[in-house]
Amino acid sequence: MSPHHPYEFDDDPNRLDLDAVWRFLSTEAYWGRWREFDDFHRQVRHAWRVVGCYDPHGDTVGFARAFSDGVAMAYLADVYIETAHRGRGLGRGLVHEMIDNGPGKNFKWMLHTDDAHELYRDFGFAEPNARYLERQPSYHSGSGSV
């Protein structure tokens, strides 16, 4: 980013502070709280792409991950910016880095959100049409699978 915006976006998974990401996702995010840390760690390890947002000190303050077939489709998940760092356009920057600056810029992208519709509309996301179907998950306690 510019010198006036000293935050950085990086898709190196080895740079992520997974404990910091997990701390946010397990306490402040409304989605995916069914996960244990091991589930989350496996999701990151098997992700097609991850992007971190780093403050001027190099601390992880935002995150996004995607899974994909690597050819035509991708799903965007776990997008967040820590509350103290919001209001600086970092959410837009994070989504831009994931979608438009990566290998999936020409893919069909999908996501679920309860509260960030306007952000995602800026990137071409829209409500599904009549062709879209979805099966809701069935969680079995203690099974460790979804």
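Treat the numbers as computed from the prediction; the structure is a model and nothing was measured. Every heavy atom of this structure was used, including side-chain atoms; hydrogens, water molecules and symmetry mates were not.
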Nearest non-hydrogen partners of R15 and D10, listed with the distance: NH1-OD2, 3.1 Å
Partners meeting side-chain contact (heavy atoms from CB on, under 4.5 Å) with Y75 (sequence neighbours left out): F67, A77, M110, H112
For D55, all residues meeting side-chain hydrogen bond (donor to acceptor under 3.5 Å, both in side chains), sequence neighbours excluded: none
Contacts of R35 that satisfy salt bridge (charged side-chain N to carboxylate O under 4.0 Å, His left out) - sequence neighbours left out: D78
E134: partners by salt bridge (charged side-chain N to carboxylate O under 4.0 Å, His left out), with sequence neighbours left out: none
Residues which pass side-chain hydrogen bond (donor to acceptor under 3.5 Å, both in side chains) with R45, listed by chain and number, not counting sequence neighbours: H41
Nearest heavy atoms of A64 and L76, plus distance in Å: CB-CD1, 4.3 Å
Linked hydrophobic residues, W31 as query - side chain contacts closer than 4.5 Å: L16, L18, V21, W22, F24, L25, Y30, F37, F40, V44, V50, Y54, F63, Y80
Residues in ring pair (Phe, Tyr, Trp, His ring centres under 6.0 Å) contact with H85, at least two apart in sequence or another chain: Y7
D122: side-chain contact (heavy atoms from CB on, under 4.5 Å) partners, not counting sequence neighbours: R92
Spacing of L90 atom CG and C53 atom SG [to the nearest 0.5 Å]: 4.5 Å
Heavy-atom closest pair, residues G104 and W48: N-CH2, 3.6 Å
Sequence-distant partners of R121, salt bridge (charged side-chain N to carboxylate O under 4.0 Å, His left out), two or more places apart: E118, E127
Any residue meeting side-chain contact (heavy atoms from CB on, under 4.5 Å) with H46, in chain and number order, not counting sequence neighbours: R42
Partner set under side-chain contact (heavy atoms from CB on, under 4.5 Å) for N106, not counting sequence neighbours: none
Closest contact, heavy atoms only, T83 versus E28: OG1-OE1, 3.3 Å
For the student: nearest non-hydrogen atoms of F125 and I99, plus distance: CE1-CD1, 3.5 Å
Closest non-hydrogen atom pair between T60 and A20, with its separation: O-CB, 4.2 Å
Heavy-atom check, side chain of F123 versus side chain of L111, under 4.5 Å: no
E97: salt bridge (charged side-chain N to carboxylate O under 4.0 Å, His left out) partners, not counting sequence neighbours: R49
